[in-house]
Amino acid sequence: MKKTLFVWLLIVYATMSFGQKKVYFSGTITNCPYTEFEIGSIDKPNDINEWQRVSIKNGNFSVVVPLNDPTVFQCYIKGKKIEFYAMPGDSLVLKTDFTKLWTATEFSGKGTATAQFHTSWKKQFNALHKADRNNRKNNTPEAYLKERKKLRDSELAFLQEYAAKNGLKESSFFKYYTSEFTFSFYSSFANYMYQHNNNIEGNGVKPEYASLVTLLDEIDFDTLDYHETESAQMLYATYINRIKYRQLIYNKTLPPAKMDFVHWLKRTYDLSKEILPKKAHETYVMNMFFEHLNPVSVNRLSPLYEDFIKTCSIENRMKLYNAFNKGIFKEKLTIPSDAYVKSTDATLEEILSDYKGSIVYVDFWASWCAPCIDEVPASKKMQEKFKDKDIKFLFLSIDRDETSWKRAIAAYKIPGIHIRFKKGKISSAIKNLISAGIPRYLIVGRDGKILDNDAKRPSDAKLVADLEKLLNE
């Protein structure tokens, strides 16, 4: 049966690929010191794990990007970003100055009006969104909700005016941004609630935040035209993972969570399936796979994949079939020779005592932690920079599954000292250190004592200065 399904999917995929549409994107970036950038969709279910590298030669570039659904593309150039909306068949030409991207970015060609909107919106609302982040931190629930409604209404009015001026009122572009601004509003106060009431599974929802949960519970997702924008995904993740799931634990409807990401994904997958409408559930799950599907997790995620493809749309089924069957996921992997690997029952203090006399940079991580994996390239560069210095790079894994842990070290070729706590047995001291989540970093002095229990990430350029200062003391 499974073989028949795969053959059928291959036929469908071949048909879809043959008819696949594209976006043609070229242009000039003046004053750019770099020779390449990456381009990809910020609406993750559109484009699972597929970012393209684009060469820049004498400030000029050209790329063809496959695209079947309208989306916002992001061009990422060494910490700076250009974003624009595009539809299948658009042919866009960019002109910008790297030193002042948002103020100097202009588009021409087919799709100019919709592409230029994103830049115009950013210019108009960037300062207001910065103010919103401060309001989210400092205001009462009632005051924040009032201010955030003003921002949403202003964005929708700006969209209405722009769409009317450019004849776009009935377009997919108009539906896309209507959805984006609406979901952004909901996800903002969902994040506000979680920021101020984050221990829901321990303390429940405090009375002053109950009205916000009620607002989320009463959202009629079926009335919204589009469900796959970045803000929609953020809302689903916050609502399901951080609020409803933790409420169920607090109410003892579910037992306490285990420190195992597959266990957590299965629970949240089932919860999403229960309380979200089908289209919203599909977007939530596709985003979940996008975040967590990698060479380490593919086998462990297969049961969820097999369940999901029974009912999801053909388009999502094809995206996942293609992703789950990538050759890289099936490679035989070996741990790099410059990695020391062991499992232990030792405490953190006992582990650190083995490295007294050296400065130690500690990285708490796990194979299933996407932000942890994102830091791996910077970590490898950091180790190369200090390879002749007296600094030990210690990776402490909270993986319960030893195979996944070792496969991650091999797949991402992570050098350094790797220690895993056996069967996920973690001391209360370590639990306290990582209570806010991972990745988490420490710097330990030559005497074995922690100097910084919230050290900078490997990708933070200031970390080098911190370590060099310690080496010179």
Side-chain angles (χ1 to χ4, degrees), residues 23 25 27 41-43 46 67 69-75 80-97 100-136 139 143-192 215 219-235 283:
V23 169
F25 183 45
S41 166
I42 67 172
D43 299 318
N46 268 306
L67 181 69
D69 306 308
T71 191
V72 169
F73 281 110
Q74 182 181 96
C75 303
K80 291 192 174 185
K81 297 179 291 186
I82 301 169
E83 294 177 351
F84 63 95
Y85 175 92
M87 297 177 61
D90 281 353
S91 181
L92 292 162
V93 180
L94 170 74
K95 180 181 179 183
T96 191
D97 185 328
K100 43 186 177 180
L101 287 182
W102 287 118
T103 56
T105 297
E106 295 180 358
F107 290 91
S108 59
K110 184 181 178 183
T112 294
T114 51
Q116 195 67 45
F117 173 81
H118 203 86
T119 303
S120 302
W121 164 61
K122 284 282 186 178
K123 287 180 184 178
Q124 183 87 0
F125 288 93
N126 189 47
L128 293 175
H129 276 280
K130 285 183 178 179
D132 174 64
R133 288 191 285 272
N134 289 329
N135 290 337
R136 188 186 307 175
N139 281 5
Y144 178 68
L145 188 55
K146 181 179 179 181
E147 291 301 313
R148 191 59 184 82
K149 282 181 177 178
K150 287 182 182 178
L151 175 56
R152 177 201 60 186
D153 293 344
S154 296
E155 288 180 309
L156 290 173
F158 181 78
L159 172 64
Q160 287 271 3
E161 182 180 349
Y162 190 95
K165 182 179 178 180
N166 292 278
L168 296 166
K169 286 292 290 288
E170 303 300 322
S171 66
S172 58
F173 155 83
F174 185 75
K175 292 178 181 179
Y176 179 98
Y177 279 100
T178 299
S179 175
E180 174 66 13
F181 296 153
T182 303
F183 276 111
S184 178
F185 163 69
Y186 286 128
S187 66
S188 290
F189 69 74
N191 280 313
Y192 170 90
L215 280 170
I219 297 172
D220 186 355
F221 294 106
D222 286 324
T223 64
L224 299 173
D225 291 314
Y226 198 84
H227 282 256
E228 294 190 349
T229 66
E230 184 180 32
S231 290
Q233 297 158 40
M234 289 173 62
L235 172 61
T283 300

side-chain contact (heavy atoms from CB on, under 4.5 Å) between I219 and L235, intermediate numbers included: CA-CA 11 Å; I219 297 172; L235 172 61; 4.1 Å; yes
Carboxylate-amine/guanidinium contact R152 E155, below 4.0 Å: no
Main-chain N/O of K175 paired to S179 side chain as donor or acceptor, under 3.5 Å: no
Atom pair CZ/CG of F181 and D153 - distance to nearest 0.5 Å: 12.0 Å
Rounded distance (nearest 0.5 Å) linking atom NE2 of H129 with atom OG of S188: 7.5 Å
Minimum heavy-atom distance F125-S154, with the two atoms named: CZ-O, 3.6 Å
4.5 Å side-chain heavy-atom contact, L215 and L145: yes
Separation between CD of E180 and CG of L159, rounded to the nearest 0.5 Å: 11.0 Å
Interatomic spacing from CG in D69 to CE in M87 - rounded to 0.5 Å: 10.5 Å
Closest contact, heavy atoms only, L92 versus K110: CD2-O, 3.4 Å
Extract all donor-acceptor atom pairs below 3.5 Å that involve side chains of residues 161-169 and protein atoms in other chains or at least two apart in sequence.
unit_1 : atom_1 : unit_2 : atom_2 : d
Y162   : OH     : A113   : O      : 2.5
Y162   : OH     : F117   : N      : 3.4
N166   : ND2    : Y162   : O      : 2.9
K169   : NZ     : Q160   : OE1    : 3.1

NZ/K81: more than 12 non-hydrogen atoms of other groups inside 6.0 Å: no
F73 ring center within less than 6.0 Å of F25 ring center: no
Heavy-atom check, side chain of R148 versus side chain of D132, under 4.5 Å: yes
Which residues share a side chain to side chain donor-acceptor pair (under 3.5 Å) with T178, sequence neighbours left out: none
pair V72-E230: side-chain heavy atoms closer than 4.5 Å: no
Side chain to side chain donor-acceptor pair (under 3.5 Å) against N191, all qualifying residues, sequence neighbours excluded: T238
Contact check, side chains of S108 and K95, non-hydrogen atoms, under 4.5 Å: no
Any donor-acceptor N/O pair, Y192 side chain to N139 backbone, under 3.5 Å: yes
Listed partners of T112 passing side chain to side chain donor-acceptor pair (under 3.5 Å), at least two apart: none
Interatomic spacing from OG1 in T105 to CD1 in I82 - rounded to 0.5 Å: 5.0 Å
Qualifying residues under side chain to side chain donor-acceptor pair (under 3.5 Å), relative to D97, sequence neighbours excluded: N31, T99
Candidates D43, T229, T71, T114 - the one meeting side-chain hydrogen bond (donor to acceptor under 3.5 Å, both in side chains) with Y176: D43
F183 and F221 aromatic ring geometry - parallel, tilted or perpendicular at 30°/60° bounds: parallel
Stepwise ring-ring contact (aromatic ring centres under 6.0 Å, His included) test for F173 and Y177: CA-CA 6 Å; F173 155 83; Y177 279 100; 5.2 Å; yes
Y186: ring-ring contact (aromatic ring centres under 6.0 Å, His included) partners, not counting sequence neighbours: F189
Nearest heavy-atom neighbours spanning P70 and S172: CG-OG, 3.9 Å
Test item: E106 side-chain N/O and Q116 main-chain N/O as donor-acceptor pair under 3.5 Å: no
N134 vs K130 side-chain heavy atoms within contact, under 4.5 Å: no
Separation between CD of E83 and NE2 of H118, rounded to the nearest 0.5 Å: 4.0 Å
Check: Y85 ring centre within less than 6.0 Å of W121 ring centre: no
